[in-house]
Amino acid sequence: RFVASIDGKAEVPDIISAEAVSQMTEYFDTETFSLGWNDTKPQSGWSRSGTLSGTCAYIKYYPDGECWILVTNTSTWKGPRQAKYTEALFKQCRKSFSKELPARNLFER
């Protein structure tokens, strides 16, 4: 729900302005993080990783609107490389399961 509320798409009302979404997702280059996202390459979507002691999280928002999130209750010895491993896992999961996901808005009541 959170990612849907900051993606700039009309299906779910955003909690930030369209200008803020644009600023947060502006792509610069491979060496520069965007504002709020780690990566915003237009062809591969937006991603964000993060850790707190004892947790690890990774969000990947794809250009087709699909969003995959992994949150663990343990830290990893892989450190910053964890994002690459998770990205590879998401790629495999999308290949295997994206067709199986419901083609409806899961936020409608």
Side-chain angles (χ1 to χ4, degrees):
R1 286 189 173 268
F2 176 70
V3 176
S5 70
I6 61 169
D7 67 359
K9 296 193 176 168
E11 291 85 11
V12 175
D14 285 340
I15 59 174
I16 59 177
S17 69
E19 180 183 2
V21 173
S22 180
Q23 288 175 348
M24 288 177 61
T25 58
E26 181 180 0
Y27 179 72
F28 297 99
D29 57 57
T30 58
E31 301 298 317
T32 306
F33 284 166
S34 299
L35 177 66
W37 293 94
N38 292 105
D39 187 15
T40 56
K41 288 185 195 83
Q43 69 276 15
S44 62
W46 313 333
S47 63
R48 177 68 198 183
S49 61
T51 61
L52 290 172
S53 182
T55 64
C56 180
Y58 188 74
I59 299 170
K60 181 70 179 186
Y61 182 85
Y62 293 92
D64 63 5
E66 204 170 284
C67 183
W68 288 71
I69 299 172
L70 174 72
V71 179
T72 66
N73 66 347
T74 184
S75 297
T76 174
W77 60 269
K78 293 178 175 118
R81 293 185 316 272
Q82 179 63 30
K84 291 182 192 261
Y85 288 97
T86 305
E87 180 95 27
L89 172 66
F90 286 175
K91 184 177 181 178
Q92 291 175 346
C93 288
R94 277 175 52 93
K95 184 177 180 181
S96 298
F97 302 110
S98 284
K99 292 177 265 174
E100 312 271 335
L101 296 174
R104 65 182 177 86
N105 183 344
L106 298 175
F107 297 110
E108 289 179 350
R109 295 179 187 211

Counting only heavy atoms not in Phe33, do more than 12 fall under 6.0 Å of its CZ?
->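 Atom CZ in Phe33 is not crowded, with 12 or fewer foreign heavy atoms closer than 6.0 Å.
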More than 12 foreign heavy atoms under 6.0 Å from NZ of Lys91: is that the case here?
-> no
With sequence neighbours left out, write down each residue that passes side chain to side chain contact (heavy atoms under 4.5 Å, CB included) with [X], or none if nothing qualifies.
{"X": "Cys67", "result": "Val3, Ile59, Tyr61, Ile69"}
{"X": "Ser22", "result": "none"}
{"X": "Ala20", "result": "Ile16, Ser17"}
{"X": "Val12", "result": "Ala4, Phe107"}

Looking at Met24 and Ile6, what are the two nearest heavy atoms and their distance?
-> CE-CD1, 4.5 Å
Which heavy atom of Thr32 sits nearest a heavy atom of Phe28, and at what distance?
->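 Heavy atoms of Thr32 and Phe28 come nearest at CB-CB, 3.8 Å.
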With Asp7 via salt bridge (charged side-chain N to carboxylate O under 4.0 Å, His left out) - residues at least two apart |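 In terms of salt bridge (charged side-chain N to carboxylate O under 4.0 Å, His left out), with neighbours along the sequence ignored, Asp7 is linked to no residue.
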Trp37 with Phe2, same ILVMFWY side-chain cluster at under 4.5 Å | yes
Suppose the criterion is salt bridge (Lys or Arg N to Asp or Glu O under 4.0 Å): which pairs have a residue in [range], not counting sequence neighbours?
{"range": "residues 53-72", "value": "Lys60-Glu87, Asp64-Arg94, Glu66-Arg94"}
{"range": "residues 38-47", "value": "Asp39-Lys41"}
{"range": "residues 13-35", "value": "none"}

For residues 42-49, which side-chain N or O atoms pair as donor and acceptor with protein atoms under 3.5 Å away, sequence neighbours left out?
none

Does one side chain, of Gln92 or Ser96, offer a donor that lies under 3.5 Å from an acceptor on the other?
-> no
Test ring-ring contact (aromatic ring centres under 6.0 Å, His included) on Tyr62 and Phe90 and set out the steps.
-> CA-CA 11 Å; Tyr62 293 92; Phe90 286 175; 7.3 Å; no
Side chain to side chain donor-acceptor pair (under 3.5 Å) partners for Lys84, two or more places apart =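 Checked Lys84 against side chain to side chain donor-acceptor pair (under 3.5 Å); zero matches.
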With sequence neighbours left out, write down each residue that passes side chain to side chain donor-acceptor pair (under 3.5 Å) with Ser34, or none if nothing qualifies.
-> Thr40
Flag the pair Trp68 / Leu89 as yes when at least one side-chain heavy-atom distance between them is below 4.5 Å, and no otherwise.
-> no
